[in-house]
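Residue numbers start at 1 and run along the sequence shown. Hydrogens, waters and symmetry mates play no part in the numbers below; they use all other heavy atoms, side chains included.
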Amino acid sequence: EIFPRKDTLQEADRLVARTLAAAPGDPYVQDTAGWVALRRGDTARAKPLLEGALAQQPDSPAFNYHVGMLYLKERNTVQAKRLLQRAVGSGQGFQGMEEAKKQLAKLG
């Protein structure tokens, strides 16, 4: 089974939309909403949310990873590599580290 499934992402999107409405300036809520949007393929919606979260928490390895993956999807490989390197090089564990390392290896 592939995770997350489409219906799981739809439910997550519905829940995070409510949370985002209640706490629009919270970088963690912005990041979660942006990550769900990106996973659903909506880069236009994801971009301002993910970039906004990263602007507030520039040292967050997870936020750097998420924006790096957004840039990778947009084929902005220079910026993607920079942010993925920042995430992996942070010395902090984060969900997605293995994927970040895999993408960095592909970028060379």
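Nearest heavy-atom pair, Leu84 versus Met69, reported as atom, atom and distance to 0.1 Å: CD2-SD, 4.2 Å. Across all their heavy atoms, Asn64 and Asp59 have their closest contact at ND2-C, 4.1 Å. What you find for Pro27 and Gln56 is that their closest heavy atoms are CD-OE1, 3.5 Å. In terms of heavy-atom proximity, Leu38 sits nearest to His66 at CD2-O, 4.1 Å. Closest heavy-atom contact between Gln30 and Leu49: O-CB, 3.5 Å. Closest heavy-atom contact between Gln103 and Leu72: OE1-CD2, 3.2 Å.
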(message) Please determine whether side-chain hydrogen bond (donor to acceptor under 3.5 Å, both in side chains) holds for the pair Glu74 and Gln79, giving the CA-CA distance in whole Å, both sets of side-chain angles, and the decisive distance to 0.1 Å.
(response) CA-CA 10 Å; Glu74 292 181 332; Gln79 292 300 327; over 6 Å; no
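Among residue pairs with one or both ends in residues 71-108, those qualifying as ring-ring contact (aromatic ring centres under 6.0 Å, His included) are Tyr65-Phe94; sequence neighbours excluded.
Taken to the nearest 0.5 Å, the CG atom of Leu104 stands 10.5 Å off from the CE atom of Met97.
Using a distance-only test at 3.5 Å, with no hydrogens or angles considered, a donor-acceptor pair links the side chain of Lys81 to the main chain of Gly108.
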